2 protein chains.
Amino acid sequence: MAQEPKFQPVQPVRAYQRIVEQIEDALIRGDLTPGQRLPSERELVSQFAVSRSTVREALRVLESGGVVRSRPGDPNGPEILPFTSAPLRKQLFRLARVDQLTLSELIGFRMIMDGAAIQLASRLRTDEQLAEMEQTLVAMRAAIDVDFNAFSEADLAFHEVIARVSRNSLIETCNEVVRGVVLGLIADKIANATNSRALMLESLQHHTEVVEAIRAGDGHAAARIARQNLYDYYAAYVPLPDREPLQALIDD
Amino acid sequence: MAQEPKFQPVQPVRAYQRIVEQIEDALIRGDLTPGQRLPSERELVSQFAVSRSTVREALRVLESGGVVRSRPGDPNGPEILPFTSAPLRKQLFRLARVDQLTLSELIGFRMIMDGAAIQLASRLRTDEQLAEMEQTLVAMRAAIDVDFNAFSEADLAFHEVIARVSRNSLIETCNEVVRGVVLGLIADKIANATNSRALMLESLQHHTEVVEAIRAGDGHAAARIARQNLYDYYAAYVPLPDREPLQALIDD
DNA sequence: CTCCTGAGCTGGTCGGACCAGTGGACTAGG
DNA sequence: CCTAGTCCACTGGTCCGACCAGCTCAGGAG
């Protein structure tokens, strides 16, 4: 059977794009690793045989993607950055704002992520890891009497343990990203309440229940509790339209 | 209680960044909508009171984020684009390649996403939507005799219905993004097999089982079948290290 | 030995220039 | 009157040269 020609629409490839590609490829191949430095702009000009404007456009693109960072006056040149989820969060934030993406969808997504991570954790955890979780609970209880930042840090540590135990960092990364997006959306409504002591105590209670279910090996129950807690947490701050899908996630 | 000064580390804000912010803000506020055109670069130069280099760097950043598209010679100026998941996929792809992100994690993530969407769908679906799903199955069966592209399109239509019924487009967006990333990672191993007729038939069979479970209202079973199918699909092509978490997702 | 200074680099921004390409106005032809 | 072809103003892509403020570090003053 003779194939149709199947021509592809051709769009011009700009010079700065090929520079971006070359640098990204070098990163993927491992020729460039985080912490290393790129040559200075003027040096790149001669290496790529283009003008400085073109080099700079390429560097701006890489910089907006979180790949490199340029600092004025730094004689070492632009720095290759380790990967962070910041650009991912930025993209998702735009998706949430520009596209119609409701709060319910974001929260539902978090409920799924959190539930899945905890369900995996309750199945895959070792006894040592369980002890580690309980250790973070103790740290959280202690942090309540310090300040909200300490508590927030202990909470982060807990989720980090969950991520490691579930053996899927992508879940926790996405969870973290969406968490940041939601926070950005409802920041005004939550601002003066986050440091409430009662809130921290309730959060601790929730975490304790989850760990209890994990210890019992009941991943199903652990996930349901986690989703319920997340739902309660957000519902306390902001009216949620379209609750039915969220309720469905809790009912299982 | 007197607050500590709490100074923030200040990093210089470049001119091009403020241009990007202004345009993104205008997009979020709705002053700019997809399809509209930005003024020409030289016009923006006078509006922002900066040089063309600066305007161009801002445009390159926006372009790399999928916000606008510039075409040489277009007298209408840069075009505001509708949101696509392409930049999201690019970011995640980089995370997968540069950072340590295993195939198992990506596939596990898809299993969770797919399962959750289908579980939601089986709970929230109306009879009309169920009929719609079955309609796409008919279309898929018909598409098998045409070519692989038609089948792939019908498959996409099925997932689109699921996304709508689950009332959470974010789930399907993420699923789609990760699907693209995985495809990019294992493209070499899957290349010459994707158009196999047997494969299409098997895929259709899987979809049929899922719809059957959705009809029965058994979200639990529907999700498990979906996860199992996804696992089988990938396992047929590529050896999966660290299968235990994936198996845990299937066992429930 | 320490401290300070200054030179030489860095990136950030500017202004001007040229080019190939686009699209719409304008005109010649029906 | 409408259509088809030409032409030109303007677009974005790239280049060049210049200036500035800031960072490092070598080297000199104490």
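In what follows, every chain begins at residue 1, and chains take the letters A, B, ... in the order their sequences are listed. Here the structure is a predicted model, which is why all the values come from computation and not from measurement.
- Atom pair B/F48:CZ and C/dT13:P shows a separation of 14 Å (rounding to whole Å applied).
- Shown here is A/E160, whose CD atom has no more than 12 heavy atoms of other residues, nucleotides or ligands within 6.0 Å.
- Between the side chain of A/R52 and the base of D/dT14, no donor-acceptor pair of N or O atoms lies under 3.5 Å.
- Few gaps surround CD on A/Q47; more than 12 heavy atoms of other groups in view lie less than 6.0 Å from it.
- At a threshold of 4.0 angstrom between heavy atoms, the contacts of A/S53 include nucleobase atoms, whether or not backbone atoms are also involved.
- An OP1 or OP2 oxygen of D/dG12 is reached within less than 4.0 angstrom by no side-chain nitrogen or oxygen of B/R56.
- The side chain of B/R14 approaches C/dT13 more closely than any other nucleotide in the set D/dC15, D/dT14, C/dT13.
- Under the 3.5 Å distance criterion, with hydrogens and angles disregarded, a donor-acceptor pair is assigned to the side chains of A/Y234 and A/R110.
- Heavy atoms only, all atoms of each residue included: A/L92 and A/V177 are closest at CD2-CG1, 3.4 Å.
- Salt bridge status for A/E132 with A/R164: present, with a side-chain N to carboxylate O gap under 4.0 Å.
- Sparse packing is recorded around CZ of A/R141, with 12 or fewer heavy atoms of other residues, nucleotides or ligands lying under 6.0 Å away.
- A heavy atom closer than 4.0 Å to some atom of DNA chain C occurs in A/S40, A/E41, A/R42, these being the qualifying members of residues 34-47 of chain A.
- A salt bridge links A/R14 with B/E63: the distance from a Lys NZ or Arg NE/NH1/NH2 to an Asp or Glu carboxylate oxygen falls below 4.0 Å.
- Minimum interatomic distance between B/S203 and B/H207 (heavy atoms only, all atoms of both residues): O-ND1, 2.7 Å.
- Checking C/dT22, C/dC14, D/dG13 against every side-chain atom of B/P75, the shortest atom distance belongs to C/dT22.
- Atom CG in A/N76 sits about 14 Å away from atom C1' in D/dG22, given to the nearest Å.
- Classification of A/E176 and A/R179 as a salt-bridged pair holds, one side-chain N sitting under 4.0 Å from a carboxylate O.
- Shown for residues 59-71 of chain A: no residue has heavy atoms falling under 4.0 angstrom of DNA chain D.
- The B/D74 side chain lies nearest to C/dG23 when the options are C/dG23, D/dG13, C/dG11.
- When the nucleotides C/dG11, D/dG13, C/dT13 are ranked by their closest atom to the side chain of A/P78, C/dG11 comes out on top.
- We find that CD of B/E57 is positioned 14 Å from C1' of D/dG13, with the value rounded to whole Å.
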